[in-house]
Amino acid sequence: MAVEVLEEGGSSYFYSTRDSRQEVKLTHGIRLTGGKDTGEIVAFCREHGVRLLVDAAHPFAVEVHQNICEAARQLQLPVIRYERIYEEHTDGIMWCDDYDDAIRRLEDHGVDKLLALTGVQTMGKLLPYWQNHECWFRILDRDASRKMAGQYAGFPEDHLVYYEHEDTHELIGRLHPQAILTKESGRSGGFLEKEQAARMHRVPLFAIRRPPYPAYNLLSTVDGPNGLRREVERLLPSFYPLHSGLTTGTCATAAAIAATLLLNEGRKELPQEVSVVLPNGETIHVPVQYGDGYASCFKDAGDDPDVTNGIEIRASVEPSDHFQIVGGDGVGRFTLPGFDFPPGEPAINKGPREMMRNNIKENVRVTISVPHGEEIAQHTFNPRLGIEGGISIIGVSGIVKPFSEEAFIESIRKCMVVAKASGADRVVINSGAKSERFVRALYPTLPRQAFVEYGNYIGETLKMADELGFAHVTLGVMLGKAVKLAAGHLDTHSRRATMDKQFIRQMLLEAGCDVDISDITLARELWERMSPLSIEAFANVVIRHCEQHCCPLLPNGSLTILLIDDEGRIYQLRNRT
């Protein structure tokens with residue numbers, strides 16, 4: 001993930017791992033292999049003019065963390081620790097400080113049959129336990145792991161089990177251990193799944209706490225890709241040609257969090273920035289200010305040209321018997337159907353509402369307002385969409401990726417080159433993370449790099465696929481962009497293409513669908529107005545029109561177009577003749 005974020009910058013960097021098993025395809029990174037001690041890190045950084053260190057190593061790689069921080073201290077370089085996301089744990093877990101402590105606790109509890117989910121490298125640490133008790137170790141199904149396990153001659157080979165063969169539920173059901181031992185590995189390490197499996201089978205779970213990270217005055221910690229990019233932008237501004245920003249939804253959430261603190265704590269020692277959990281689960285830190293009975297956040301759109309850049313978004317909070325969000329002055333209202341909420345509701349979309357609910361655990365009434373919001377809204381598409389009285393509070397990811405046509409197209413090209421380098425003969429192009437999530441399940445064996453976001457630049461991306469010689473291309477598209485593409489708009493940005501109702505009526509007629517669309521404002525409203533049979537017929541027509549404009553751009557490859565609805569249902573062309 002760290003490499004993926006750094007590749008977006010187009011600047012050179014070094015990617016260092018202990019051995020070749022952590023192979024990642026790089027376009028701008030320079031691969032280094034071999035463990036380095038503090039002195040070697042210091043010498044390398046001086047020789048190559050390194051100005052920033054990113055530590056994305058395993059949370060239990062204690063020696064690596066110590067070497068990095070000590071080298072940074074000698075060089076006075078900043079360090080970004082890319083940490084995992086850790087869930088809130090339930091009661092009932094028996095926490096251990098280290099492996100010696102785990103052995104003591106297991107023996108104190110009389111555990112004689114243990115399933116260890118701590119990995120092959122912990123066999124030596126747990127040797128005093130398994131020499132005297134029955135123990136299974138789950139390891140990776142690869143030669144290197146088997147060779148490492150083979151170093152311990154006294155360990156029975158039939159007590160090695162493999163990640164790839166059985167999940168935790170199946171292993172517990174087959175082996176009937178008296179306890180499970182794992183590490184505090186976070187979300188990406190599957191800790192929650194192990195915890196749930198242990199609880200389901202009523203098996204005690206022992207867990208080794210992750211070791212504390214070394215203290216260092218130039219250290220910052222992130223736990224996701226957006227936070228990593230924003231920290232690199234702050235510490236090394238020249239690394240990215242354009243800088244990211246925050247959505248109005250994130251700013252409203254930050255203001256609401258700060259206003260809740262103001263309600264509960266008054267004016268004493270209020271923080272100048274608050275922690276906001278984004279929809280992907282990572283946490284970022286957002287500056288806030290305080291006024292008379294409210295808190296506010298000024299929107300930073302980064303280098304994305306946006307009329308809402310710099311606006312103040314305010315939140316006031318008061319006690320309530322249930323959590324609720326209302327719109328104040330400067331926040332528009334929906335006047336037409338087709339949005340996340342019915343007409344009359346404040347124009348605060350589903351994503352920001354969920355962010356506020358997930359970040360504020362109390363029952364309060366949150367009022368969001370935007371000074372001069374009604375005036376600002378006149379320079380947006382809101383009036384055309386039927387949003388009146390102010391701006392809308394929006395945002396799916398919580399982060400604004402900077403928009404520059406040349407830079408964006410170049411970033412797509414970089415991703416396409418990496419996709420080709422991955423060795424896959426198919427590239428799957430999608431408009432964004434939502435459509436990619438739905439389509440990814442259809443191609444479980446494709447590497448992550450084979451999925452590329454085109455944003456609005458469908459035509460440009462297909463041309464790149466042809467230039468790179470992809471044999472197969474899958475295009476995932478949601479209806480809003482699909483109706484524009486079907487009409488011949490290979491760039492679907494709203495500045496260049498709008499929904500053509502007359503053309504949609506023509507496609508409905510071709511599909512034999514009798515649907516009144518005179519009052520629709522968004523293409524996705526069509527899904528609710530057609531029967532399942534009509535949807536299949538209409539989807540066929542839309543895809544055929546899309547093919548007419550897309551296939552000529554891919555003369556030497558095959559194109560599969562997937563039309564995706566808001567619930568993730570996928571439609572492909574039927575009855576091809």
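Every value quoted in this text rests on a predicted model; they were computed, and no experiment measured them. All values below come from the heavy atoms of this structure, side chains included, with hydrogens, waters and symmetry mates left out.
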Student: Looking only at heavy atoms, which two atoms of Gly293 and Leu262 are closest? And how far apart?
Tutor: C-CD2, 4.0 Å
Student: I would like to know whether Ile80 and Leu228 meet side chain to side chain contact (heavy atoms under 4.5 Å, CB included); could you show each step before the answer?
Tutor: CA-CA 8 Å; Ile80 302 173; Leu228 176 58; 3.8 Å; yes
Student: Does the side chain of Asp101 reach to within under 4.5 Å of the side chain of Ile208, using non-hydrogen atoms?
Tutor: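 No; the side chains remain at least 4.5 Å from each other.
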Student: Keeping the roles fixed (side chain from Lys501, backbone from Ser518), state whether a donor-acceptor pair exists under 3.5 Å.
Tutor: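 Here the side-chain-to-backbone pair exists.
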Student: So, does Lys194 use its side chain to make a donor-acceptor pair with the main chain of Gly189 at under 3.5 Å?
Tutor: yes
Student: Show, in sequence, the C-alpha distance, side-chain angles and deciding distance for Thr335 and Ile387, and conclude whether the side chain to side chain contact (heavy atoms under 4.5 Å, CB included) test is met.
Tutor: CA-CA 6 Å; Thr335 63; Ile387 298 173; over 6 Å; no
Student: Between Pro241 and Asp303, which heavy-atom pair has the shortest distance, and what is it?
Tutor: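 Minimum heavy-atom separation between Pro241 and Asp303: O-OD2, 4.2 Å.
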Student: Going through the checks in order, is the side chain to side chain contact (heavy atoms under 4.5 Å, CB included) test met by Ile348 and Val331?
Tutor: CA-CA 8 Å; Ile348 304 174; Val331 173; 4.1 Å; yes
Student: Tell me, with the steps shown, if Leu181 and Leu117 meet side chain to side chain contact (heavy atoms under 4.5 Å, CB included).
Tutor: CA-CA 6 Å; Leu181 178 66; Leu117 306 177; over 6 Å; no
Student: Keeping Asn309 on the side-chain end and Ala301 on the backbone end, is there a donor-acceptor pair under 3.5 Å?
Tutor: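 Yes, because the side chain of Asn309 sits within donor-acceptor range (under 3.5 Å) of the backbone of Ala301.
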Student: Report the relative orientation of the aromatic rings in His65 and Tyr213; use parallel for angles under 30°, tilted for 30 to 60°, perpendicular for over 60°.
Tutor: tilted
Student: Tell me, do Tyr240 and Leu6 make a side-chain contact under 4.5 Å, heavy atoms counted?
Tutor: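 The answer is yes; the side chains approach within 4.5 Å.
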Student: Find the distance between CZ (Arg199) and CG (Leu205) and round it off to the nearest 0.5 Å.
Tutor: 9.0 Å
Student: Does a side-chain N-to-carboxylate-O contact under 4.0 Å join Glu8 and Arg229?
Tutor: yes
Student: Do NZ/NE/NH1/NH2 and the carboxylate oxygens of Glu184 and Arg209 come within less than 4.0 Å?
Tutor: no
Student: Near Met1 CE, under 6.0 Å, is it more than 12 heavy atoms from other residues, nucleotides or ligands?
Tutor: yes
Student: Walk me through whether Glu7 and Tyr13 qualify under side chain to side chain donor-acceptor pair (under 3.5 Å).
Tutor: CA-CA 9 Å; Glu7 284 286 314; Tyr13 63 96; 2.6 Å; yes
Student: So Glu374 and Ile391, do their side chains get closer than 4.5 Å, heavy atoms only?
Tutor: no
Student: Judged by atom type as modelled, is there a donor-acceptor pair below 3.5 Å linking the side chain of Thr250 to the main-chain atoms of Gly398?
Tutor: yes
Student: Flag the pair Thr253 / Val274 as yes when at least one side-chain heavy-atom distance between them is below 4.5 Å, and no otherwise.
Tutor: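 Answer no - side chains too far apart.
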Student: Decide, yes or no, whether a salt bridge links Lys299 with Glu312 under the criterion of side-chain N to carboxylate O below 4.0 Å.
Tutor: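 Looking at Glu312 together with Lys299, the answer is no, because their closest N to O distance does not fall below 4.0 Å.
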Student: Once rounded to the nearest 0.5 Å, what's the spacing between atom CD1 of Ile535 and atom CG of Asp565?
Tutor: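 If I round to the nearest 0.5 Å, the distance is 7.0 Å.
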Student: Would you verify whether the NZ or CZ of Lys350 falls within 45 degrees of the ring axis of Phe341 while also being under 6.0 Å from that six-membered ring's centre?
Tutor: no
Student: If we only count heavy atoms from C-beta on, is the Glu453 to Ser431 side-chain gap below 4.5 Å?
Tutor: no
Student: Within a strict 4.5 Å, meaning less than it, do heavy atoms of the Leu218 and Leu77 side chains meet?
Tutor: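 Contact flag for Leu218/Leu77 side chains = no.
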Student: Any chance the side chains of Glu233 and Ser244 put a donor and an acceptor closer than 3.5 Å?
Tutor: yes
Student: With a 4.0 Å cut-off, would you call Arg529 and Asp519 a salt bridge?
Tutor: yes
Student: Please check if any side-chain donor atom of Glu83 sits under 3.5 Å from a side-chain acceptor atom of Thr221, or the reverse.
Tutor: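 Result is no, nothing qualifies.
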Student: With rounding to the nearest 0.5 angstrom, report the CG to NZ distance, Leu479 to Lys481.
Tutor: 12.0 Å
Student: Can you tell me how the ring of His201 sits relative to the ring of His169, calling it parallel under 30°, perpendicular over 60° and tilted otherwise?
Tutor: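 Tilted, since the angle between the ring planes falls between 30° and 60°.
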Student: Hey, could you give me the CG/CZ distance between Leu562 and Phe438, rounded to the nearest 0.5 Å?
Tutor: 13.0 Å
Student: What do you reckon, is CD of Glu525 surrounded by more than 12 foreign heavy atoms closer than 6.0 Å?
Tutor: yes
Student: Looking at every non-hydrogen atom in both residues, tell me the closest pair between Ile313 and Cys251 and how far apart they are.
Tutor: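 Nearest pair, atom of Ile313 first, then Cys251: CD1-CB, 3.7 Å.
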Student: Can any side-chain N or O of Thr248 pair as donor or acceptor with the backbone N or O of Ile394 at less than 3.5 Å?
Tutor: yes
Student: Flag the pair Glu567 and Arg569 as a salt bridge only when some basic side-chain nitrogen lies within less than 4.0 angstrom of an acidic carboxylate oxygen.
Tutor: no
Student: Under a 3.5 Å distance rule, please check whether Arg84 uses its side chain to pair with a backbone N or O of Ser185 as donor and acceptor.
Tutor: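 Between the backbone of Ser185 and the side chain of Arg84 there is a qualifying donor-acceptor contact (under 3.5 Å).
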Student: Looking at Phe239, is its backbone amide N or carbonyl O close enough to the side chain of Ser11 to form a donor-acceptor pair, meaning the two atoms are under 3.5 Å apart?
Tutor: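 The answer is yes, because a donor-acceptor pair under 3.5 Å joins these two groups.
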Student: Let me confirm one number: the CG-CD distance from Leu270 to Glu265, rounded to the nearest 0.5 Å.
Tutor: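 If I round to the nearest 0.5 Å, the distance is 6.5 Å.
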Student: If I compare all heavy atoms of Ile564 with all of Ser435, which pair ends up nearest, and what's the gap?
Tutor: CD1-CB, 3.8 Å
Student: Can a donor-acceptor pair be found, under 3.5 Å and without considering hydrogens, that links the side chain of Asn363 to the backbone of Ser320?
Tutor: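 No, because the side chain of Asn363 does not come within donor-acceptor range (under 3.5 Å) of the backbone of Ser320.
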Student: Would you mind reporting whether Val288 and Glu273 have side-chain heavy atoms less than 4.5 Å apart?
Tutor: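 Not touching, per the 4.5 Å side-chain cut-off.
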Student: Using 0.5 Å steps for rounding, measure from the CG atom of Asp491 to the CG atom of Leu485.
Tutor: 11.0 Å
Student: Between Asn349 (side chain only) and Gly351 (backbone N and O only), is there a donor and an acceptor less than 3.5 Å apart?
Tutor: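 Pair absent, no side-chain N/O of Asn349 close to backbone of Gly351.
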Student: Using a 4.5 Å cut-off on heavy atoms from C-beta on, say whether the side chain of Val222 contacts that of Arg81.
Tutor: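 Sidechains of Val222 and Arg81: no contact.
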Student: I'd like to know if Arg357 and Glu354 make a salt bridge, using a cut-off of under 4.0 Å between side-chain N and carboxylate O.
Tutor: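 No.
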Student: Which heavy atom in Ala179 sits nearest to a heavy atom in Phe206, and how many Å separate them?
Tutor: CB-CE1, 3.8 Å
Student: Indicate yes or no: does Glu87 engage Arg187 in a salt bridge with an N to O separation below 4.0 Å.
Tutor: yes
Student: Inspect the surroundings of CD1 in Ile85 and state if more than 12 heavy atoms from other residues, nucleotides or ligands are less than 6.0 Å away.
Tutor: yes
Student: Atom CG of residue position Asp329 - does it have more than 12 heavy atoms of other residues, nucleotides or ligands inside 6.0 Å?
Tutor: no
Student: Give a yes/no verdict on a cation-pi contact between Arg210 and Tyr86, requiring under 6.0 Å between NZ or CZ and the six-membered ring centre and an angle within 45° of the axis.
Tutor: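 Because its charged atom sits under 6.0 Å from the ring centre and within 45° of the axis, Arg210 does stack over Tyr86.
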Student: Determine yes or no for a side-chain-to-main-chain donor-acceptor pair under 3.5 angstrom, with Glu282 supplying the side chain and Gly227 the backbone.
Tutor: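 Yes, because the side chain of Glu282 sits within donor-acceptor range (under 3.5 Å) of the backbone of Gly227.
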Student: Between Ala315 and Val366, which heavy-atom pair has the shortest distance, and what is it?
Tutor: CB-CG1, 4.5 Å
Student: List in chain and number order the residues that pass side-chain hydrogen bond (donor to acceptor under 3.5 Å, both in side chains) with Asn359, two or more places apart in sequence or in another chain; answer none if no residue qualifies.
Tutor: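 Counting only residues at least two positions away or on another chain, Asn359 forms no side-chain hydrogen bond (donor to acceptor under 3.5 Å, both in side chains).
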